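Note that this is a predicted model, so its numbers are computed, not measured. These numbers come from the heavy atoms of this one structure, side chains and all, not from hydrogens, waters or symmetry mates. By convention here, the first residue in the shown sequence is residue 1.
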Amino acid sequence: MHMASSNVYSPAISPPCTKYDVFISFNGKDTRNGFTSHLESALCKSQIETFIDYRIEKGGEIWEELVEAIRESMVFLVIFSEHYAQSKWCLRELVEIMECKNKKEDHHIIPVFYWIEPNHVRKQRGSYYSFFADYEKNLDRDLVSQWRKVLFDAANISGFECNARRQ
């Protein structure tokens, strides 16, 4: 008996529909012109499609483009640095990243702790303590609680610490 082969589409084995391999979340003040730019360049040289904020189209809606890029990415590199939590944009990105990760098991978050202790991020100590003291005074309590939770959750994911120069 001869069986005909078929080229039937099977969603169980089709590749995920994404635009970017990696979305990089970072505070430009701390890492844009050093660590992050070198990391992004190395990823691109390895033909890894990255999203970094300079890809936002001029005249576009910034937040909407960021959310779309997050939703169309497979891996999230979150570069925690001294001033990451000072940026409400970074915290909003992190909320979206964690929500995306919780909805899709095939998405991965890789925290990078750049000259900051993971415990400072996890428990909002050091510079994060002062940023959150300010937020507690000036912002909605539920929003601040949400930011605290995503920082805690993301900092509990195994990642990389970049605290010393390699020799």
Side-chain angles (χ1 to χ4, degrees), residues 16-37 39-40 43 48-162:
C17 198
T18 60
K19 187 173 182 179
Y20 303 104
D21 298 312
V22 177
F23 179 97
I24 304 174
S25 178
F26 66 100
N27 183 307
K29 177 179 181 179
D30 292 338
T31 69
R32 178 181 305 281
N33 295 322
F35 182 80
T36 300
S37 64
L39 175 63
E40 195 257 346
L43 291 170
I48 296 172
E49 189 67 32
T50 60
F51 180 89
I52 193 163
D53 61 3
Y54 69 76
R55 287 183 168 240
I56 295 172
E57 292 184 31
K58 302 294 182 223
E61 291 293 326
I62 296 171
W63 181 246
E64 287 77 11
E65 287 191 43
L66 285 172
V67 169
E68 182 178 337
I70 290 168
R71 291 179 181 166
E72 294 180 345
S73 298
M74 286 295 296
V75 174
F76 307 103
L77 281 175
V78 181
I79 303 171
F80 292 114
S81 58
E82 184 179 353
H83 297 99
Y84 183 89
Q86 186 178 26
S87 168
K88 294 173 192 166
W89 281 95
C90 287
L91 294 170
R92 289 176 68 193
E93 283 178 9
L94 188 59
V95 167
E96 192 66 36
I97 287 167
M98 294 300 285
E99 286 177 0
C100 190
K101 166 66 176 125
N102 290 335
K103 290 177 188 171
K104 299 178 182 177
E105 290 182 14
D106 61 344
H107 287 58
H108 302 282
I109 298 171
I110 302 171
V112 177
F113 301 94
Y114 183 80
W115 291 97
I116 191 162
E117 295 294 321
N119 206 31
H120 285 195
V121 177
R122 192 176 298 118
K123 296 184 178 181
Q124 291 90 59
R125 293 188 173 154
S127 60
Y128 285 43
Y129 176 84
S130 59
F131 303 142
F132 273 86
D134 242 11
Y135 295 152
E136 293 285 350
K137 292 178 196 169
N138 300 311
L139 297 175
D140 176 71
R141 178 174 289 196
D142 291 337
L143 178 62
V144 175
S145 293
Q146 182 184 40
W147 288 347
R148 286 186 183 279
K149 180 177 180 355
V150 295
L151 283 168
F152 179 83
D153 291 346
N156 273 317
I157 298 169
S158 180
F160 296 95
E161 291 184 47
C162 300

Please identify each residue that fulfils ring-ring contact (aromatic ring centres under 6.0 Å, His included) with Tyr135, with sequence neighbours left out.
Phe132, Trp147

Least distance between heavy atoms, Pro111 atom then Ser158 atom:
CD-O, 3.6 Å

Just wondering, do Leu66 and Phe23 contact through their side chains at under 4.5 Å, heavy atoms?
yes

Just jot down the ring-ring contact (aromatic ring centres under 6.0 Å, His included) partners of Phe76, sequence neighbours excluded, or say none.
His107

Once you measure the plane-to-plane angle for Tyr128 and Phe131, does it fall in the parallel (<30°), tilted (30-60°) or perpendicular (>60°) bin?
tilted

Under the ring-ring contact (aromatic ring centres under 6.0 Å, His included) test, residues paired with His120 that sit two or more places apart
none

Leu39 side chain near Val112 side chain, heavy-atom distance below 4.5 Å:
no

Nearest-0.5 Å distance, CZ of residue Phe51 to CD of residue Glu68:
9.0 Å

Among Val95, Val78, Ile97, the one residue meeting side-chain contact (heavy atoms from CB on, under 4.5 Å) with Val150
Val95

Side chain proximity check, Asp21 to Met74, heavy atoms < 4.5 angstrom
no

Going by side-chain contact (heavy atoms from CB on, under 4.5 Å), name the residues that satisfy it together with Phe152, two or more places apart in sequence or in a different chain.
Arg122, Asn156

Not counting sequence neighbours, list each pair that qualifies as a salt bridge (charged side-chain N to carboxylate O under 4.0 Å, His left out) and has a residue in residues 124-138.
Glu136-Arg148

The side-chain contact (heavy atoms from CB on, under 4.5 Å) partners of Ile110 (sequence neighbours excluded) come to Val75, Leu77, Phe160

Who passes side-chain hydrogen bond (donor to acceptor under 3.5 Å, both in side chains) against Asp153, sequence neighbours left out?
Lys149

So NZ of Lys101 and CD1 of Ile109: to nearest 0.5 Å the spacing works out to 6.5 Å

Tell me, please, which residues at least two apart from Glu82 pass side-chain contact (heavy atoms from CB on, under 4.5 Å).
Asp30, Ser127

With a sphere of 6.0 Å drawn around NZ of Lys123, does it hold more than 12 non-hydrogen atoms of other residues, nucleotides or ligands?
no

Taking only distance into account, with no hydrogens and no angle test, what donor-acceptor pairs under 3.5 Å do side-chain atoms of residues 85-94 form with protein atoms, sequence neighbours excluded?
from	atom 1	to	atom 2	distance (Å)
Ser87	OG	Trp89	N	3.3
Ser87	OG	Cys90	N	3.0
Glu93	OE1	Ser25	OG	2.7

When rounded to the nearest 0.5 angstrom, what is the spacing between CE in Met98 and CD1 in Ile70?
12.0 Å

For the CG atom of Asp140 and the CG atom of Asp142, what is their distance to the nearest 0.5 Å?
5.0 Å

Output the distance between atom OG (Ser130) and atom CD (Gln124), rounded to the nearest 0.5 Å.
11.5 Å

Side-chain contact, heavy-atom cut-off 4.5 Å: Arg141 with Val144?
no

Across all chains, not counting sequence neighbours, the side-chain contact (heavy atoms from CB on, under 4.5 Å) partners of Thr31 are Phe26, Phe35, Thr36, Ile79, Ser81, Tyr114

